[in-house]
Amino acid sequence: MAGGNEVNLNESKMVVPLNTWILITKFKLVYNLIRRPDGTFDRYMDEFHEKKVSANANPVDGVFSFDVIIDRATSLLSRVYRPAPADQAQPGIMELQRPLGSEIVPVIIFFHGGSFAHSSANSAIYDTLCRRLVDICKAVVVSVNYRRAPENRYPCAYDDGWAALKWVNSRPWLQSGKDSKVHVYLAGDSSGGNITHNVAMRAVESGIEVLGNILLNPMFGGQERTESEKRLDGKYFVTIQDRDWYWRAFLPEGEDRDHLACNPFGPNGKSLEGVKFPKSLVVVAGLDLVQDWQLAYVEGLKKAGQDVKLIFLEQATVGFYLMPNNNHFHSVMEEIGNFVSPNC
Amino acid sequence: MGPYKSGISAGSSSSSSSSCAGKQSEIDGLLSGAGYKVRSSDLRQVAHRLERLETVMVNAPAEISQLASEAVHYNPSDLASWVDSMLSELNQPVPMSSDLSDLPYIDGFVAPALHQTVLSEGWTEQNTHEQQQLTVVTAVEEDSAIRLVHLLMTCAESVQRGELGLAGSLIEEMRGLLTSVNTECGIGKVAGYFIDALSRRLFSPLAVCAGSSLESDILYHHFYEACPYLKFAHFTANQAILEAFDGHDCVHVVDFSLMHGLQWPALIQALALRPGGPPLLRLTGIGPPSPDGRDSLREIGLRLAELARSVNVRFAFRGVAASRLDDVKPWMLQVGPREAVAVNSIMQLHRLLGSDSSRVSPIDSVLGWIRSLNPKIVTVVEQEANHNQPEFLDRFTEALYYYSTMFDSLEACSLQLEKSVAEMYMQREICNVVCCEGSARVERHEPLAKWRARLNGAGFRPLHLGSNAFKQASILLTLFSAAGYCVEENEGCLTLGWHSRPLIAASAWQAVSDTSAPFGRIKDNLL
């Protein structure tokens with residue numbers, strides 16, 4: 001057993017830079033301590049280890065941020081990131097909710113990852129990622145601090161995402177362009193990618209226009225054990241066992257992984273044929289064990305005649321987008337920039 | 001292994017498998033962005049140890065539950081120390097640096113150097129940005145509220161520029177606008193206090209903001225009841241003091257601001273329940289002299305003595321009346337040679353930051369004599385805010401957002417009377433920050449990063465508050481306060497905040513021992 005695991009550790013070290021390996025391994029080991037076999041979760045230990053950063057209304061590298069309480073009843077907070085105005089040395093309070101103007105500025109609603117259980121909008125890794133998205137996409141980013149499992153199961157995260165979408169869509173100061181509307185995109189990594197899909201479903205049903213979905217290593221699954229899961233189990237930071245744990249923590253009790261939330265094109269799935277679903281950009285890492293489910297998602301969209309672009313990164317692992325120290329990061333950021341560009 | 005981890009990294013290796021000597025202190029910029037401080041030269045070693053830890057965890061799953069439930073974790077930002085402490089918990093030898101030679105890491109697999117940021121900074125320096133942090137948590141929506149905030153800023157700016165006529169007319173305009181804004185909550189409520197404070201600064205600058213000490217006591221007590229900040233401060237400090245006193249039979253707490261002594265019953269009771277029995281506890285409470293001949297310090301001391309007696313803790317109290325902390329001299333505290341001393345400062349140190357160029361700066365003098373007491377622990381709790389900036393407009397802006405968040409958090413309080421009076425407590429602070437200058441301005445709050453630098457520079461090292469303190473503080477909050485309050489770990493310190501904004505920070509310190517003391521300070525070692 002020990003020998004097998006040493007082989008695994010060597011493999012993951014060979015495909016990511018050292019500092020990335022350290023970061024993801026640290027998460028992995030701490031999360032192993034936090035997830036208990038009986039399905040409970042040491043939320044205190046999780047919060048203790050989570051590195052957070054405050055919002056900063058003073059611009060840093062051209063981006064400033066502030067937090068907004070969207071819904072007091074559920075303590076739903078979001079962090080808004082905006083490009084700092086080039087013409088002003090020191091932005092004032094008026095900048096926070098200054099209208100975007102007549103040039104189109106995309107507004108990306110971002111759902112952080114963490115397998116529905118970990119991380120927050122103010123996690124350092126996600127604060128950094130959102131700032132990069134502002135810079136690359138010349139967009140406003142709204143990062144949603146959705147309620148997490150296991151304390152809050154399905155559909156809480158989707159409800160919060162939906163509340164955020166309604167809020168964003170109704171802010172006059174987020175409107176832009178000659179048509180004076182909010183140009184909304186949904187984006188997320190891991191569980192955030194899953195939330196993106198599900199919030200888009202609600203948007204479609206309610207008539208709110210979402211211009212595009214960006215799914216980075218989205219978290220999907222199913223009852224079946226796919227080839228990629230079996231082949232890659234434990235090899236690149238992630239195990240089938242931990243994926244199962246997080247689904248059990250998120251899905252309603254007693255439900256299995258063919259639940260619609262987990263497997264949108266599975267036996268309980270809804271067809272998207274004829275539905276005016278946003279165009280999708282789906283990024284799949286070739287060393288992510290759930291890639292078969294992610295690819296099935298892409299297939300499901302294609303079969304329903306939806307506009308979907310797949311970016312398959314053969315040598316990428318989970319979390320490659322957290323640090324700009326690899327080529328996958330740069331190529332994906334460029335694709336995302338093009339995807340939300342008003343010229344496309 | 002003692003109850004605390006030193007803030008000084010234990011993980012540094014004498015040799016490094018990479019790079020040149022000049023880069024030894026450089027911290028990996030990308031990990032730093034993720035919240036982790038690891039020296040570039042330590043990366044391989046940390047990776048190797050993480051690998052070792054993983055192997056142990058995989059091979060002995062029972063150990064995982066021990067690490068999870070029993071081990072205390074400290075300062076997760078310092079990855080090197082964390083992984084070493086985990087390995088120690090599992091009785092694993094920490095791998096030596098010579099094992100690194102054959103590691104197949106590909107640290108050459110990086111994008112061109114342009115994309116890497118490597119920061120050179122002192123090990124204990126946290127904040128690399130020259131710019132100030134300004135954290136806004138807002139639900140400001142109404143146009144009139146936004147306009148009000150804008151006017152407040154403009155008015156503050158004109159005050160700073162000395163354009164008093166303009167400032168005055170802005171105040172009139174703001175008062176008018178207040179009538180159309182919801183003053184029950186949010187920015188509307190706190191704006192009123194800031195308008196008053198600006199007005200006072202302009203028109204009656206010599207008016208004193210503080211009331212009598214009786215009033216102060218009442219305000220303080222209601223603030224204590226209405227929201228968890230003071231309870232958090234007391235609780236966290238007590239936990240740390242309790243641990244520091246472990247194994248000592250004679251202990252002495254020096255409280256920089258006794259007030260009603262609300263912090264001490266819990267410590268007395270905890271000491272009473274200590275396995276092996278309680279120590280002899282001495283408490284020295286510092287406070288302002290009482291008006292009209294009462295000795296309020298002594299009265300509180302008597303009450304605490306009564307409590308101690310009821311739980312069989314040998315207890316002695318001494319009151320030291322002083323208007324200013326820097327009037328206190330260490331001999332007044334009568335610290336005995338074999339006592340374990342804890343110095344407790346709850347929101348007092350910032351009052352010493354006003355400088356009077358003719359004397360030694362009060363903060364330096366006080367930190368100096370604290371150190372001379374050779375305390376086992378110094379507990380420091382301070383407002384997590386930057387209200388001591390040189391420019392008035394910067395202070396004003398910061399205070400507006402800080403107190404908006406404080407007031408917002410108070411909304412959760414269901415005790416109406418306590419809430420109203422607590423607002424007055426905060427209004428006093430606002431007034432002091434906005435109206436006062438020079439020695440009258442005592443609310444000179446500074447953020448944790450600055451206190452760290454100051455205390456490190458004054459010869460103290462951090463004693464880290466760990467996952468057990470974090471957990472207990474979090475549990476208490478859940479039990480006794482509304483949702484929205486949030487405890488965070490910050491490099492060995494704990495903060496309590498409202499939603500995503502830390503508002504108060506607790507830390508613990510110990511004097512660095514001065515074994516190479518020059519002749520004139522040998523007497524310190526005799527204490």
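The figures that follow rest on heavy atoms only: side chains count, while hydrogens, waters and symmetry mates do not. The chains referred to below are lettered A, B, ... by the order of the sequence lines, with proteins before strands, and numbering in each begins at 1.
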Counting heavy-atom pairs under 4.5 angstrom with chain B, the leader among A/Leu29, A/Ile125, A/Asn122 is A/Leu29
Greatest number of non-hydrogen atom pairs under 4.5 angstrom with chain A, of B/Arg501, B/His73, B/Met57, falls to B/His73
Ranking B/Thr397, B/Val83, B/Leu31, B/Leu53 by heavy-atom pairs under 4.5 Å to chain A gives rank one to B/Leu31
Between B/Asp84 and B/Arg49, does any side-chain N to carboxylate O distance fall below 4.0 Å? yes
A/His112 ring center near A/Tyr126 ring center (under 6.0 Å):
yes
Okay, A/Asn32 and chain B: the region with an atom under 4.5 Å from a heavy atom over there is both
* Asked: Less than 4.5 Å apart, any side-chain heavy atom of A/Leu133 and any of A/Met333?
  -> yes
So, the part of B/Leu79 with a heavy atom under 4.5 Å from chain A: the answer is side chain
(message) Ring-plane angle category for A/Phe66 and A/Trp173, please: parallel below 30°, perpendicular beyond 60°, tilted otherwise.
(response) tilted
Okay, A/Thr128 and chain B: the region with an atom under 4.5 Å from a heavy atom over there is side chain
Ring center gap for A/Tyr31 and A/His118 short of 6.0 angstrom: yes
Q. Between A/Tyr81 and A/Phe110, is the ring centre distance below 6.0 Å?
A. no
Suppose we call two aromatic rings close when their centres sit under 6.0 Å apart. Are A/Phe329 and A/Tyr321 close by that rule? no
In terms of heavy-atom pairs under 4.5 Å with chain B, the winner among A/Met323, A/Glu47, A/Arg43 is A/Met323
Query raised in the report: Less than 6.0 Å separating the ring centroids of B/Trp498 and B/Tyr485?
Result: yes
Okay, B/Thr405 and chain A: the region with an atom under 4.5 Å from a heavy atom over there is neither
Greatest number of non-hydrogen atom pairs under 4.5 angstrom with chain A, of B/Gly497, B/Ser467, B/Ala34, B/Ser474, falls to B/Ser467
Honestly, the part of A/Ile22 sitting under 4.5 Å from a heavy atom of chain B is both
Of the listed A/Glu50, A/Met45, A/His49, A/Arg79, the one with the largest count of heavy-atom pairs under 4.5 Å with chain B is A/His49
Turns out that what part of A/Arg36 lies under 4.5 Å from chain B's heavy atoms comes down to neither
